[in-house]
Amino acid sequence: MTSILLVDDQELLRMGFRLVLESQPDLEVVAEAADGHEAVALVERLAPDVVLMDVRMPGLDGVAATRRIIASGSRSRVIILTTFDLDEYAYAALRAGASGFLLKDAPPADLLSAIRAVASGDAVVAPSTTRRLLETVAHRLPDPGRDDGADGGSPLAELTPRECEVLVAVARGLSNAEIAETLVLAEATVKTHVGRILAKLDLRDRVQIVVFAYERGLVAPA
């Protein structure tokens, strides 16, 4: 059973999400919150598997709440709910540690699939979607030269040349199968490389790899 916390300042929307989620035998809504402060407190108390978090709320918004949840070391994974797929708030939430974002008007099947994917440890949005979002906010990204130097302090110094190739491929939106074909590797080998990249760079999922690569100028915006 996957436990879910619903966070949205609009009660009607929370009710709609609850109806969809509770129609599934493997999903359980354990609580609801109307703002970020309440969400952070409920995550600490209930440790839900997945948090569906509205990005724009009065008081503590979804970005700040996500940042606090991730910083607390919680194992709860956050899906950001947004009205627009090219929302700069959504980018900020991904950078804060959310496992992805979902449009509020997404079909119920997409919502259910996203929750199950995140609960199993995957990212909820395709890296290509995240890439399009990052291209939109590229003018706000940090100086790409800040952290990709040759000094031993760079996180990239931890990666092997092959792992760097896989990282860039993930950031470009390629699937494991596509990376395997491009680099002439077994798909299982690519999966192993991705796992090592996540561990070495202390990242949560593929979405975080995309953010990491863009912020360090490893993939140029279109």
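The model shown is predicted, which means the values in this text are computed figures rather than measured ones.
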* Working for side-chain contact (heavy atoms from CB on, under 4.5 Å), residues His37 and Arg68 -> CA-CA 10 Å; His37 289 291; Arg68 291 190 187 184; 3.8 Å; yes

* Sidechain-backbone polar pair: Thr182 side chain, Glu178 backbone, donor-acceptor under 3.5 Å -> yes

* Under 3.5 Å, is there a donor-acceptor pair between the side chain of Asp9 and the main chain of Asp35? -> no

* Can you name the nearest heavy-atom pair linking Ile179 to Ala169, along with the distance? -> CG1-CB, 3.6 Å

* To do: Give the minimum heavy-atom separation between Asp110 and Leu102, together with the two atoms involved.
  => O-CD1, 4.5 Å

* Going through the checks in order, is the side-chain contact (heavy atoms from CB on, under 4.5 Å) test met by Arg116 and Asp26? -> CA-CA 9 Å; Arg116 292 182 176 116; Asp26 60 326; 2.8 Å; yes

* Separation between CG of Leu81 and NZ of Lys104, rounded to the nearest 0.5 Å -> 6.5 Å

* Say you draw a straight line from CZ of Phe212 to CG of Leu201; how long is it, rounded to the nearest 0.5 Å? -> 4.5 Å

For residues 183-200, tabulate all N or O donor-acceptor pairs below 3.5 Å that involve a side-chain atom, not counting sequence neighbours.
{"unit_1": "Thr192", "atom_1": "OG1", "unit_2": "Ala188", "atom_2": "O", "d": "3.1"}
{"unit_1": "Lys200", "atom_1": "NZ", "unit_2": "Glu158", "atom_2": "O", "d": "3.1"}
{"unit_1": "Lys200", "atom_1": "NZ", "unit_2": "Glu163", "atom_2": "OE1", "d": "2.9"}
{"unit_1": "Lys200", "atom_1": "NZ", "unit_2": "Glu163", "atom_2": "OE2", "d": "3.3"}

* Asked: According to a 4.5 Å side-chain heavy-atom criterion applied to Ile, Leu, Val, Met, Phe, Trp and Tyr, with indirect links allowed, do Leu159 and Leu203 form part of one hydrophobic cluster?
  -> yes

Cut-off 3.5 Å, no hydrogens considered: what does the side-chain donor-acceptor table look like for residues 11-20, sequence neighbours left out?
{"unit_1": "Arg14", "atom_1": "NE", "unit_2": "Glu32", "atom_2": "OE1", "d": "2.8"}
{"unit_1": "Arg14", "atom_1": "NH1", "unit_2": "Asp8", "atom_2": "O", "d": "2.7"}
{"unit_1": "Arg18", "atom_1": "NE", "unit_2": "Glu32", "atom_2": "OE2", "d": "2.6"}
{"unit_1": "Arg18", "atom_1": "NH1", "unit_2": "Glu22", "atom_2": "OE2", "d": "2.7"}
{"unit_1": "Arg18", "atom_1": "NH2", "unit_2": "Glu32", "atom_2": "OE2", "d": "3.1"}

* Asked: Of the non-hydrogen atoms in Ala98 and Thr66, which two are nearest, and what is the gap between them?
  -> N-CG2, 3.8 Å

* Asked: Are Thr83 and Arg56 close enough, and set up right, to give a side-chain contact (heavy atoms from CB on, under 4.5 Å), and what steps lead you there?
  -> CA-CA 9 Å; Thr83 305; Arg56 302 186 188 217; over 6 Å; no

* **Under the side-chain contact (heavy atoms from CB on, under 4.5 Å) test, residues paired with Asp105 that sit two or more places apart** => Leu103

* CD1/Ile80 to CE/Met53 distance, rounded to the nearest 0.5 angstrom? -> 6.0 Å

* To do: Measure the CG-CG distance between Leu111 and Leu27 for me, rounded to the nearest 0.5 Å.
  => 8.5 Å

* Asked: Would you say Asp49 and Ser3 make side-chain contact, with heavy atoms under 4.5 Å?
  -> yes

* Under the side chain to side chain donor-acceptor pair (under 3.5 Å) rule, what do Asp205 and Ser99 come out as? Steps first, then yes or no, please. => CA-CA 7 Å; Asp205 50 44; Ser99 294; 3.2 Å; yes

* Structure fact -> Heavy atoms of Val51 and Ser76 approach each other most closely as CG2-CB, 4.1 Å

* Asked: Same cluster or not: are Val50 and Ile70 linked, directly or through other Ile, Leu, Val, Met, Phe, Trp or Tyr residues, by side-chain heavy atoms under 4.5 angstrom apart?
  -> no

* To do: Kindly compute the distance separating CD1 (Ile209) from CG (Leu218), expressed to the nearest 0.5 Å.
  => 11.5 Å

* Val43 and Ser74: which non-hydrogen atoms are nearest, and at how many Å? -> CG1-OG, 3.5 Å

* Asked: Could you walk me through whether Val7 and Asp54 pass the side-chain contact (heavy atoms from CB on, under 4.5 Å) check?
  -> CA-CA 6 Å; Val7 186; Asp54 184 18; 5.6 Å; no

* Distance in Å, Glu44 CD paired with Ile69 CD1, rounded so as to fall on 0.5 Å steps -> 10.5 Å

* Structure fact -> Smallest heavy-atom separation, Ala39 atom then Leu5 atom, equals O-CD2, 3.8 Å

* Asked: Between Leu112 and Met1, is there a shared hydrophobic cluster once you connect ILVMFWY residues whose side-chain heavy atoms come closer than 4.5 Å?
  -> no

